[in-house]
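If you read the sequence from its start, that first residue is 1, and numbering goes on from there. Just so it is clear, the values below take in all heavy atoms, side chains as well, and ignore hydrogens, waters and symmetry mates.
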Amino acid sequence: MNWLRYALVFLAVAVGVAQLVIWMNAAQGTKLGSAAQIIVPAMIAALIEGQQVARQSSTAPRGASAWRFAVLATGISVTLNLALAYSGPSVAPEFAKLAIAPVLSKQFVILLGLYALGYLIANRFFYTLGASNQLSLMKSRDEAE
């Protein structure tokens, strides 16, 4: 498990998609934006980590190891979410919506808890999905040879 890779993929996707949406809104005069921008970086990062684990071990993560990844990745995601929330709306506007609520207020804690739950579910599901897809790809390549 490479936590640095997970964090970098999460940040690249989060900031990249946010900047693309900002550019499209300015260039096209649209009002794009979605809360999906908050969860998609975790989905993609977990998918990539699952693929890497499958390449290295040739087995799918199961049970406790998959949940351990999900919990630790959720911690990273929440931390990065907070960093993006307070980096300003010009960097990642959807993440900045968390910064509207005063720190440790009821609204702040509820939003952060909802984000954490979403990250936990996404990380767990997409981690095993990435591993499963990679193992299927490896198996089909072996059969083709």
Side-chain angles (χ1 to χ4, degrees), residues 1-25 30-101 103-145:
M1 184 55 43
N2 188 328
W3 300 107
L4 180 59
R5 180 178 47 228
Y6 178 90
L8 291 174
V9 169
F10 184 98
L11 282 174
V13 173
V15 173
V17 169
Q19 293 302 306
L20 179 64
V21 168
I22 290 169
W23 174 79
M24 288 182 65
N25 285 343
T30 60
K31 288 289 185 188
L32 298 175
S34 167
Q37 290 177 32
I38 293 171
I39 199 77
V40 168
M43 294 168 142
I44 293 172
L47 192 70
I48 289 171
E49 284 306 310
Q51 291 171 338
Q52 293 302 318
V53 165
R55 282 187 191 126
Q56 293 169 356
S57 67
S58 297
T59 60
R62 301 209 189 282
S65 66
W67 280 110
R68 188 172 30 257
F69 166 83
V71 169
L72 293 172
T74 297
I76 293 170
S77 300
V78 168
T79 302
L80 294 174
N81 187 328
L82 287 169
L84 289 169
Y86 290 99
S87 63
S90 61
V91 175
E94 290 300 321
F95 285 88
K97 290 179 180 176
L98 179 63
I100 294 170
V103 176
L104 299 180
S105 68
K106 187 175 182 179
Q107 179 185 9
F108 179 89
V109 171
I110 289 171
L111 280 174
L112 197 58
L114 288 172
Y115 292 164
L117 180 61
Y119 287 141
L120 181 69
I121 293 167
N123 282 317
R124 174 63 171 86
F125 178 77
F126 283 93
Y127 181 62
T128 54
L129 179 66
S132 174
N133 287 345
Q134 184 62 38
L135 290 171
S136 295
L137 179 63
M138 290 166 52
K139 183 179 177 183
S140 66
R141 283 184 186 163
D142 289 343
E143 291 173 357
E145 292 177 351

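Relative orientation of the Y127 and F69 rings is parallel, given thresholds of 30° and 60° on the angle between their planes.
Here the straight-line distance linking atom CH2 of W23 with atom CG of N25 works out to 10.5 Å at 0.5 Å rounding. I44 CD1 to I39 CD1: the interatomic distance, rounded to the nearest 0.5 Å, is 11.5 Å. Atom CD1 of I121 and atom CZ of F125 lie 11.5 Å apart (nearest 0.5 Å). Going from atom CE of M138 over to atom CG of N133 covers 12.5 Å, rounded to the nearest 0.5 Å.
A116 and V78 get closest at one heavy-atom pair: CB-CG2, 3.8 Å. Of all heavy-atom pairs spanning L137 and S140, the tightest one is O-OG, 2.9 Å. Minimum interatomic distance between A7 and I76 (heavy atoms only, all atoms of both residues): CB-CG2, 4.1 Å. Residues A92 and A18 approach most closely at CA-CB, 3.7 Å, considering heavy atoms. Closest heavy-atom contact between G63 and R124: N-NH2, 4.2 Å.
In this structure, S77 contributes its side chain and A73 its backbone to a donor-acceptor pair below 3.5 Å. Judged by distance alone, with hydrogens and angles left aside, the side-chain atoms of S87 form a donor-acceptor pair with the main-chain N or O of L84 at under 3.5 Å.
The side chain to side chain contact (heavy atoms under 4.5 Å, CB included) test applied to A54 returns A131, Q134, L135, not counting sequence neighbours. Listed by chain and residue number, W3, R68 satisfy the side chain to side chain contact (heavy atoms under 4.5 Å, CB included) test with L72 (two or more places apart in sequence, or in another chain).
For residues 36-46, no residue pair satisfies the side-chain hydrogen bond (donor to acceptor under 3.5 Å, both in side chains) rule, not counting sequence neighbours. Listed by first and then second residue, the side-chain hydrogen bond (donor to acceptor under 3.5 Å, both in side chains) pairs that reach into residues 110-119 are N81-Y119, sequence neighbours excluded. Residue pairs meeting the side-chain hydrogen bond (donor to acceptor under 3.5 Å, both in side chains) criterion with at least one member in residues 58-67, sequence neighbours excluded, are S57-T59. Annotation: side-chain hydrogen bond (donor to acceptor under 3.5 Å, both in side chains) contacts involving residues 39-52, sequence neighbours excluded, comprise R5-E49.
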For V71 and N123: C-alpha separation, side-chain torsions, deciding distance, then whether side chain to side chain contact (heavy atoms under 4.5 Å, CB included) applies. CA-CA 8 Å; V71 169; N123 282 317; over 6 Å; no

Between I48 and F126, does a side chain to side chain contact (heavy atoms under 4.5 Å, CB included) hold up when you go through it step by step? CA-CA 9 Å; I48 289 171; F126 283 93; over 6 Å; no

Can you list the steps and then say if L80 with L11 is a side chain to side chain contact (heavy atoms under 4.5 Å, CB included)? CA-CA 7 Å; L80 294 174; L11 282 174; 4.0 Å; yes

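Looking at L82 and L112, their side chains come closer than 4.5 Å, going by heavy atoms from C-beta outward. Within the 4.5 Å cutoff, the side chain of V15 has no heavy atoms near those of the F95 side chain.
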